[in-house]
Amino acid sequence: MESLELSRLLFLTSSSSSSSSSWSSLPIAKAMMRHQLGFRCLLKKATATTTRNNANANLHLTRSFSGNKEGGAAPTASHGEEEDEDEQQDERALFLATEIDDFGSVVGFNLIPESGRISEEDITSNEIEEPNAEDVEEEKDQTRVSYTIVFVTSEAAPFSKTGGLGDVCGSLPIALAARGHRVMVVSPMYIHGTPQDEKFSGAVDMDRRIKLFCFGGVQEVSFFHEFREGVDWVFVDHLSFHRPGTPYGDQFGTFGDNQFRFTLLSHAACEAPLVLPLGGFTYGDKCLFLVNDWHASLVPILLAAKYRPHGVYKDARSILVIHNIAHQGVEPAITYSNLGLPPEWYGALEWVFPNWARMHALDTGEAVNFLKGAIVTADRILTVSKGYSWEITTSEGGNGLHELLSSRKSVLGGITNGIDETEWNPSTDEHIACNYSVDNLSGKVKCKLSLQEELGLAVRPDVPMIGFIGRLDYQKGIDLIRMAIPEIMENDVQFVMLGSGNPVYEEWMRETESAYRDKFRGWVGFNVPISHKITAGCDILLMPSTFEPCGLNQLYAMRYGTIPVVHETGGLRDTVQNFNPYVEGTNGEGQGTGWTFSPLTKESMLVALKYALRTYNEHKPSWKALMKRGMTRDFTWVNAATQYEQVIEWAFMDPPYC
Ligand SMILES: Nc1ncnc2c1ncn2[C@@H]1O[C@H](COP(=O)(O)OP(=O)(O)O[C@H]2O[C@H](CO)[C@@H](O)[C@H](O)[C@H]2O)[C@@H](O)[C@H]1O
């Protein structure tokens, strides 16, 4: 374990120069540090009504941190006593203003208003504030703390992508790097034997082979590296990542050794910051691991069980980001011994299925659950929208993990994904027939005509065109579309679906195309250029997802002036505002960016579609206003990155969770 030894030295060096661990246990000191580090977001904005109490508290903070050097002139003898009294009061105020979780850790801090009353808003400081654009701009001018961040993910676009996880892990790291952080993304180097492999051609072999101890033997992995857009993209190379198919499976189904492959990824990701001299220097062990979904979920457990007992990664923190709780990485309990974890940590991953979920009378239901392991060990937990972060604490949305997640509510939050506005921009998009923008929408209809032509449908600018893009999976609500298709086809519409996944749904798409040759097209496959063409060419994007942690296609659609019709769930509810034509003062243009429906039934979906079609056909000005409102919504990653920074700051305020 040479890397462990090496990093121990690194740790000793870094810890000797930092005293944070010794004082970070003091609540007030931590609250002050948060202030010192520029945690403006946690402090109420000073207003004209700022009280003397607040002013004193601020003064107090400045003095305590900066000593007498700057901005902290020593109190003069003339009002020394009065100041002392004030300071005591301020200190009490700070104690009261400090929000402490069940474990005694500071999770929030707010200056108390003059009245001494703490409002409801004040005490829910775990809520991540959505910054407004002005604040983000203003903050650029201020000095920010920069972090060392290591993303661990099974996919990162453009190198690998099967869905939204790839999009997020391809964009968020760049947004964080642009804000001054040192960012590395660790993901597998998938070689499928297709032209897609070219995507890794810019990555160079770092000539660093390391040995990992798991699955009853020694596994050797190597690392490839590419520095692009301010981010260190690190690819873990191992033979098990070289095979035809997708990152997770092929035409025969999911790969049987995924637990092995992603265990390797997690082990390798823990070593990467210690052993890879990227740009001449290793990342070191004071970093923030941002682990995505179950594939990377071993990382927080490895930090606690394998590294910290040896003094490594004592100053590291981890944040689990749940993109989809339906996939948890559950395998038979017997596989625990393969994971390279000490036996005494079994409890962290232990998972027992309820009786009804067991296969037969002798089935004890015992399993290991990777995602559960991260939920009980990560320092913070995030999901990709606020709505979904609440849903997963309910028995309906938690897929069996709701109680555990509820028990960690104080560190659970949601940050809505952004979109890559370089890739998804109708005014520059190279995949679409004609570029357009909110100021000149004329190109959109040309995109529609070109799409109709390409699909062999009647070329008609007036007919409303409905689109669907997504994995063909239960999650995406394909069953609802299947049930509703005869009724939808009774309208004068065209409908195009792009997706791949469940062969049953793929077959249904082919059959539906044969049945409605003049109106319906089902494109089976994964094709990014076509997804852009559909997003630009359609008028309506249908997303009847049964659940949706965030959803990206509705965001892309709005950016392209395509109106989303969505099931009111998770991130869809958070991002699509239901159209209301009756709002006063809007000149009949109404308010909202699409249609949301609930409950999840064929009938309510058809009602929402009916409203959308009627508005398209009969109320052109309202439709245009809907398009423009969607196109001007701010879905940039800057907003999300700012909120991630806030959570990272919080993670470092507390000692490691375990
Ligand atoms: N056949 C196809 N051809 C081309 N492109 C295709 C495609 N099928 C899907 N895509 C693309 O894959 C991405 C899918 O992203 P989503 O967020 O909608 O779903 P997904 O369920 O994969 O992600 C999970 O993670 C993301 C990220 O956090 C969450 O937004 C989401 O709710 C959660 O379920 C989009 O970029 C889409 O265009």
Side-chain angles (χ1 to χ4, degrees), residues 151 153-158 160-173 196 246-248 290-296 320-327 382-389 391-392 397 399 414-421 423-424 429 431-432 467-478 496-502 505-506 509 521-536 538 541-560 562 564 566-567 569-576 635 637 640 644:
F151 278 75
T153 174
S154 59
E155 48 184 283
S160 51
K161 166 176 161 173
T162 68
L165 173 64
D167 283 339
V168 172
C169 292
S171 309
L172 176 59
Q196 300 293 323
T246 73
Y248 314 111
L290 220 146
V291 305
N292 296 276
D293 278 351
W294 79 264
H295 320 99
L320 166 68
V321 185
I322 302 176
H323 299 262
N324 193 336
I325 205 164
H327 304 283
L382 283 174
T383 65
V384 286
S385 71
K386 279 199 173 66
Y388 192 62
S389 74
E391 282 176 16
I392 59 175
N399 285 55
I415 299 176
T416 305
N417 287 331
I419 63 173
D420 180 342
E421 292 206 318
E423 194 198 339
W424 291 94
D429 194 328
H431 300 302
I432 63 180
F468 169 93
I469 302 165
R471 290 180 294 107
L472 298 180
D473 183 87
Y474 160 81
Q475 178 195 345
K476 301 295 176 184
I478 318 287
V496 51
M497 289 183 71
L498 166 68
S500 58
N502 187 332
Y505 295 138
E506 292 184 352
M509 268 167 49
R521 288 293 177 274
W523 192 304
V524 176
F526 193 92
N527 191 317
V528 172
I530 296 293
S531 73
H532 282 246
K533 287 179 189 180
I534 292 176
T535 307
C538 285
L541 186 89
L542 185 59
M543 287 186 77
S545 308
T546 51
F547 67 95
E548 197 60 81
C550 175
L552 296 172
N553 287 314
Q554 83 280 11
L555 305 182
Y556 301 148
M558 284 188 268
R559 182 112 170 87
Y560 279 64
T562 303
V566 304
H567 174 219
T569 181
L572 297 177
R573 181 183 19 225
D574 288 4
T575 55
V576 180
F635 294 121
W637 269 112
Y644 270 90

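Order of listing sets the numbers, starting from 1, for every ligand and every atom in it.
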Does an N or O from Gly525, backbone or side chain, lie closer than 3.5 Å to an N or O of ligand 1? yes
Can you tell which part of Asp473 has a heavy atom less than 4.0 Å from ligand 1: side chain, backbone, both or neither? neither
Ring geometry between His295 and Tyr248 (parallel below 30°, tilted from 30 to 60°, perpendicular above 60°): parallel
Taking only non-hydrogen atoms of Lys476, do any sit less than 4.0 angstrom from ligand 1? yes
Sub-4.0 Å heavy-atom contact, Gln554 with ligand 1: no
Using a strict cut-off of 4.0 Å, indicate which atoms of ligand 1 neighbour a heavy atom of Pro549. 32 (O), 33 (C), 34 (O)
Can you see which heavy atom on Leu165 is nearest to which on Ser154, and at what distance? CD2-OG, 3.5 Å
The closest protein heavy-atom partner of atom 28 (O) of ligand 1 is His323 ND1, 2.7 Å
Regarding ligand 1, does Asn553 bring an N or O atom to under 3.5 Å of one of the ligand's N or O atoms? yes
Under a heavy-atom criterion of less than 4.0 Å, does Tyr388 contact ligand 1? no
Taking every non-hydrogen atom, the tightest pair across Leu290 and Asn292: O-ND2, 3.2 Å
Trp424 and Ser531: which non-hydrogen atoms are nearest, and at how many Å? CH2-OG, 3.8 Å
